[in-house]
S.K.: 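Please read through the structure below; I'll follow up with questions.
The chain is numbered in sequence order, starting from 1. Just follow the structure's listing: the first ligand is 1, and inside any ligand the first atom is 1.
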Amino acid sequence: MDYITYGSEENGNQSRGVIVYEDKSDMSKAAGRMEYMSKHRSPLLPVQEKLAKVTEQHSEGVMLSAPDSTMILTNMLKFSGAKKCIDVGVFTGYSALSWALSIPEDGKVVALDVSEEDASIGKPFWKEAGVEHKIDLRIAPANKSLQEMLDSGEGGSYDFMYIDADKEGYDTYYELGLKLLRAGGIIAIDNVS
Ligand SMILES: C[S@@+](CC[C@H](N)C(=O)[O-])C[C@H]1O[C@@H](n2cnc3c(N)ncnc32)[C@H](O)[C@@H]1O
């Protein structure tokens with residue numbers, strides 16, 4: 001995870017800003033920080049551990065969102081009282097699971113991916129965690145799903161968006177995200193250094 005941006009000028013937010021969270025030009029410092037976080041963060045829930053382990057066996061298991069980075073974001077979701085989230089790039093469902101665990105019972109995660117097969121790996125874990133009712137999985141290119149959400153009048157209503165999919169699509173996802181987020185909402189973007 002590299003940048004976190006807040007809100008949208010279009011939605012009237014006054015406090016838009018960018019935090020550079022990780023400087024990949026100095027990997028030794030980054031590795032030190034990751035080691036510190038791994039040692040001092042709260043433990044993962046057993047269901048998160050299990051899904052992470054299953055994902056590691058996947059031929060593209062390296063795509064799994066880093067549990068340490070994900071945990072920072074889940075804390076932000078809890079502190080900010082987020083209810084409505086968008087997960088762009090589901091893979092085996094680890095990030096969607098983490099957001100769903102961090103929002104209230106009536107919250108929702110709209111989870112977007114093109115691979116039904118990979119996303120289906122996560123479904124039993126969503127169920128085991130008791131959060132499957134919060135996750136609305138949509139299998140289609142994310143730009144199409146995001147545009148449909150805007151067209152159906154959901155602009156300015158989301159609290160949080162996590163972008164972790166095809167890099168070519170990031171500009172589009174970001175721009176559509178700015179329209180879908182409420183003022184003060186958060187967009188977190190993975191791997192953009
Ligand atoms: C790095 S993985 C996501 C990892 C996931 N966030 C996690 O928690 O482990 C990237 C995902 O983006 C998906 N993807 C690629 N192109 C896409 C597109 N155009 N629209 C939606 N998802 C896409 C891939 O199928 C893949 O599952």
Side-chain angles (χ1 to χ4, degrees), residues 1-4 21-22 24 34 37-38 41 44-77 82 84-103 107-129 131-132 134-151 154 158-177 179-180 186-193:
M1 180 180 58
D2 305 291
Y3 296 96
I4 301 172
Y21 164 72
E22 192 69 273
K24 288 197 175 153
M34 289 306 279
M37 284 198 304
S38 294
R41 67 163 162 74
L44 299 178
L45 293 174
V47 67
Q48 290 175 300
E49 296 272 13
K50 281 194 254 177
L51 178 52
K53 279 211 165 62
V54 165
T55 304
E56 280 160 17
Q57 307 305 315
H58 190 288
S59 58
E60 295 187 272
V62 290
M63 292 204 298
L64 173 73
S65 287
D68 298 324
S69 308
T70 308
M71 187 161 282
I72 290 177
L73 293 172
T74 58
N75 287 336
M76 290 175 71
L77 290 189
K84 288 180 70 180
C85 307
I86 307 169
D87 188 61
V88 183
V90 177
F91 188 35
T92 62
Y94 183 86
S95 50
L97 170 66
S98 301
W99 319 143
L101 285 165
S102 308
I103 57 176
K108 77 166 175 174
V109 179
V110 178
L112 311 178
D113 207 291
V114 286
S115 171
E116 175 96 59
E117 191 183 344
D118 286 340
S120 292
I121 295 171
K123 286 182 183 172
F125 298 91
W126 298 346
K127 188 170 183 191
E128 180 181 331
V131 298
E132 63 175 339
K134 299 187 203 172
I135 302 176
D136 175 2
L137 175 64
R138 302 184 190 178
I139 301 297
N143 59 343
K144 184 170 177 283
S145 300
L146 293 168
Q147 187 60 54
E148 282 171 6
M149 290 158 70
L150 269 179
D151 293 345
E154 295 186 83
Y158 283 84
D159 302 299
F160 173 73
M161 181 189 213
Y162 180 59
I163 303 176
D164 184 19
D166 56 311
K167 303 297 170 266
E168 304 73 32
Y170 273 31
D171 285 352
T172 305
Y173 307 149
Y174 179 75
E175 293 300 331
L176 291 169
K179 293 179 182 162
L180 284 161
I186 298 167
I187 299 180
I189 307 176
D190 193 80
N191 298 130
V192 285
S193 59

S.K.: Does a side chain donor of either S98 or T70 reach within less than 3.5 Å of an acceptor in the other side chain?
M.R.: no
S.K.: I'd like the name of whichever of P67, S69, S95 reaches closest to atom 8 (O) of ligand 1 through any heavy atom.
M.R.: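 Answer by nearest heavy atom: S95.
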S.K.: Please could you name the atoms of ligand 1 that F91 approaches to less than 4.0 Å, counting only its heavy atoms?
M.R.: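 Those atoms are 2 (S), 3 (C), 4 (C), 5 (C), 9 (O), 27 (O).
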S.K.: Decide salt bridge (charged side-chain N to carboxylate O under 4.0 Å, His left out) for E175 and K179; before the verdict, give the C-alpha distance in whole Å, the side-chain angles of both, and the deciding distance to 0.1 Å.
M.R.: CA-CA 7 Å; E175 293 300 331; K179 293 179 182 162; over 6 Å; no
S.K.: Does the D113 side chain pair with the main chain of G89, one donor and one acceptor, at a distance under 3.5 Å?
M.R.: no
S.K.: Which value, rounded to the nearest 0.5 Å, describes the distance between C85 atom SG and I186 atom CD1?
M.R.: 9.5 Å
S.K.: With the threshold set at under 4.0 angstrom, would you say V114 reaches ligand 1 through any of its heavy atoms?
M.R.: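 Heavy atoms of V114 do come under 4.0 Å of ligand 1.
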S.K.: Starting from atom 18 (C) of ligand 1, find the nearest protein heavy-atom neighbour and note its residue, name and distance.
M.R.: D166 OD1, 3.4 Å
S.K.: Heavy-atom contacts with A142 under 4.0 Å: which atoms of ligand 1 show up? List them by number with element.
M.R.: 18 (C), 20 (N), 21 (C)
S.K.: Only heavy atoms of V90, strictly under 4.0 Å: list the atoms of ligand 1 that pass.
M.R.: 5 (C), 7 (C)
S.K.: Please confirm whether the backbone N or O of A100 pairs with a side-chain atom of K134, one donor and one acceptor, at under 3.5 Å?
M.R.: yes
S.K.: If you apply the rule salt bridge (charged side-chain N to carboxylate O under 4.0 Å, His left out), what do you find for E148 with R138, and how did you get there?
M.R.: CA-CA 11 Å; E148 282 171 6; R138 302 184 190 178; 5.7 Å; no
S.K.: I need the atoms of ligand 1 closer than 4.0 Å to a non-hydrogen atom of P141, numbered in the order shown.
M.R.: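 Those atoms are 20 (N).
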S.K.: Pick, from V62, D113, D190, I139, the option with the minimum heavy-atom distance to atom 11 (C) of ligand 1.
M.R.: D113
S.K.: With heavy atoms of S65 as the reference, note each atom of ligand 1 found under 4.0 Å away.
M.R.: 5 (C), 6 (N), 7 (C), 8 (O), 9 (O)
S.K.: From I121 CD1 over to S115 OG, what is the distance, rounded to the nearest 0.5 angstrom?
M.R.: 7.5 Å
S.K.: Going by heavy atoms, is Y173 under 4.0 Å from ligand 1?
M.R.: yes
S.K.: For ligand 1, which atoms, with element, lie under 4.0 Å from some heavy atom of L64?
M.R.: 9 (O)
S.K.: I'd like the name of whichever of L51, T55, D164 reaches closest to atom 3 (C) of ligand 1 through any heavy atom.
M.R.: D164
S.K.: Is the ring pair Y162/F160 parallel, tilted or perpendicular, if the boundaries are 30 and 60 degrees?
M.R.: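 Plane angle under 30°, so parallel.
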S.K.: Taking distance alone, with no angle check, do D87 and ligand 1 share an N/O pair under 3.5 Å?
M.R.: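 D87 vs ligand 1: no N/O contact under 3.5 Å.
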S.K.: If you count the atoms of ligand 1 from 1 in the order shown, which ones are under 4.0 Å from a heavy atom of G89?
M.R.: 3 (C), 4 (C), 5 (C), 6 (N), 11 (C), 12 (O)
S.K.: Using modelled atom types and a 3.5 Å cut-off, is there a donor and acceptor pairing between side-chain atoms of W99 and backbone atoms of T74?
M.R.: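 Here the side-chain-to-backbone pair does not exist.
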